[in-house]
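Quantities reported herein were computed from a predicted structural model and do not represent experimental measurements. As the structure lists them, so they are numbered: ligands from 1, and atoms in each ligand from 1.
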Amino acid sequence: MASDPTPVLFHYSFSPYARRIAWYLTLRGIRYKQCMQPPIMPRPDLAALGVQYRRIPVLTIGKDVYCDTRLILQKLEERFPDERLGAADSDGEGKAIENLLESWTTDGGLFLSAVLLIPRNIPLTKDPKFVKDRGSFFAGQKWERGDMTSLRGEAQVQMKRAFDFLESTLLADGRQWLRKTEKPTLADIQAIWPLDWAVGMGSLDGNIISKTSHPKVFAWMARFRQALSNAKARMEKVVVSGSDVLDGLQHEAFAEEEGKVDESDPLGLRKGENVTVWPTDSGSTHRDTGTLVTLNSREIVVQRKTADSRFDIRIHFPRINFRVVPAASSRDSNL
Ligand SMILES: N[C@@H](CCC(=O)N[C@@H](CS)C(=O)NCC(=O)O)C(=O)O
């Protein structure tokens, strides 16, 4: 029997990915709890749950643990179907816009440009512990100090292109929200988060991106912030400790029924097999091993015990940018 537990968001406040989820929950008015995490490893609260995955945010609903904002948003849309923020299933064009905007901003997209533009003079980026922690975070990215000036210049250009794109296409006809709706939708969230992060950090070159050069985009961002602050005023902020979450989960059920392993999946993995899962684009050195319970083109789900072996949890990962292999062969895999 599935229970109806309150979602718990594990995050730290300056994570732009976590904001994407917090904003979604806030605009929907879905009550949730926050479990605040340190911005650098280790994260004992997640380790106690049995989660090795290092990226933020992570969302739990009962004994189901969801990794990666792409999957988290889909799951929230499904679990709370009334007045969803996403386009209706029958609205193919709306869904396509949402998905394309998501690919545009996420991971290697605009997010990476915003990362390159993090100001060098804020306390966090000067902290040697933070610099060391993030040193091996991006798989395959080698940023040499001497290249930073030109990389940051390139990133400003990518940001300008993003502002140009919205100004001259979706927002050009004076609409309030990207899908011409009355209220902000998932499409607005999918597009705005790295732009808002970059503006908020003061990262953008005002000579090429400003209220004067891109008035419609800046007005849209201001409307979004206003809608968010109105919604926030209606929400109660609930902060919980990691040990409270762990103790509480003991009495919760799984939020979802156990799924199936798709027999036609090209990887040929079997239900019940011991597998290891990790993200291929960033945070790849942190890998989760457990029993494979679900595998389909959308997600990988493994079941394992909490660190103290008190109870089982199921950890969900999306298929995009994740690899799953038999646990025995993961030690040899650097892919
Ligand atoms: N594809 C992931 C990316 C998440 C991500 O990169 N999060 C950043 C924080 S904004 C992170 O985990 N940084 C390293 C860390 O916090 O340990 C998602 O959509 O959730």
Side-chain angles (χ1 to χ4, degrees), residues 7-25 34-47 49 51-61 64-77 98-119 122 124-125 127-141 143 186 189-198 200-201 203 242 277-288 298-300 315-324:
V8 182
L9 183 64
F10 291 76
H11 73 128
Y12 46 86
S13 57
F14 64 84
S15 159
Y17 276 101
R19 283 181 196 163
R20 189 167 160 191
I21 303 303
W23 291 350
Y24 177 91
L25 290 162
Q34 311 189 36
C35 185
M36 303 315 292
Q37 298 302 302
I40 57 175
M41 298 299 284
R43 302 206 173 103
D45 296 343
L46 287 161
L49 273 181
V51 175
Q52 309 305 313
Y53 177 77
R54 74 159 283 176
R55 303 194 304 193
I56 290 293
V58 166
L59 187 90
T60 56
I61 307 183
D64 285 278
V65 180
Y66 299 99
C67 300
D68 200 288
T69 52
R70 270 185 279 238
L71 186 65
I72 294 172
L73 287 169
Q74 283 174 26
K75 293 286 178 176
L76 288 170
E77 285 273 287
E98 245 162 57
N99 272 299
L100 292 170
L101 289 172
E102 180 177 68
S103 305
W104 184 54
T105 52
T106 307
D107 297 330
L110 279 178
F111 171 69
L112 209 53
S113 299
V115 169
L116 282 162
L117 293 175
I118 295 175
I122 56 172
L124 197 65
T125 49
D127 178 350
K129 286 201 215 107
F130 182 81
V131 174
K132 183 159 181 264
D133 180 81
R134 294 302 199 272
S136 59
F137 183 67
F138 289 106
Q141 297 279 353
W143 290 329
L186 188 53
I189 296 179
Q190 298 291 25
I192 206 170
W193 62 278
L195 308 182
D196 177 81
W197 189 45
M201 287 189 296
S203 301
V277 187
W278 68 95
T280 51
D281 53 342
S282 63
S284 310
T285 49
H286 292 249
R287 303 182 173 197
D288 289 271
R298 184 165 80 143
E299 65 177 332
I300 305 158
I315 317 178
H316 299 241
F317 306 94
R319 279 314 276 274
I320 183 163
N321 288 346
F322 277 78
R323 182 150 297 136
V324 52

Give every pair made of an N or O atom of ligand 1 and a protein N or O atom lying under 3.5 Å apart, one pair per line with both atom names and the distance to 0.1 Å, or write 'none'.
from, atom 1, to, atom 2, distance (Å)
ligand 1, 1 (N), R55, NH2, 3.3
ligand 1, 1 (N), D68, OD2, 2.9
ligand 1, 1 (N), D107, OD1, 2.9
ligand 1, 1 (N), D107, OD2, 3.3
ligand 1, 7 (N), I56, O, 2.8
ligand 1, 12 (O), I56, N, 2.9
ligand 1, 16 (O), Y12, OH, 2.6
ligand 1, 16 (O), R43, NH2, 2.8
ligand 1, 16 (O), R134, NH2, 3.2
ligand 1, 17 (O), R43, NH1, 3.1
ligand 1, 17 (O), R43, NH2, 3.0
ligand 1, 17 (O), R54, O, 3.4
ligand 1, 17 (O), R54, NE, 2.9
ligand 1, 17 (O), R54, NH2, 2.6
ligand 1, 19 (O), D68, OD1, 3.2
ligand 1, 19 (O), T69, N, 3.1
ligand 1, 19 (O), T69, OG1, 2.5
ligand 1, 20 (O), T69, N, 2.9

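In this structure, Q52 has no side chain to side chain donor-acceptor pair (under 3.5 Å) partners at least two apart in sequence or on a different chain. With sequence neighbours excluded, no residue satisfies side chain to side chain donor-acceptor pair (under 3.5 Å) with D288. Scanning for salt bridge (charged side-chain N to carboxylate O under 4.0 Å, His left out) contacts around D133 gives R54, with sequence neighbours left out.
Ring to ring, W197 and F14 are not that close: their centroids are 6.0 angstrom or more apart.
Considering CD of Q74 and NE2 of H316, their distance stands at 12.5 Å, rounded to 0.5 Å.
In summary, of the residues considered (L100, T69, L73, N99), a side-chain contact (heavy atoms from CB on, under 4.5 Å) with Q190 occurs for L73 alone.
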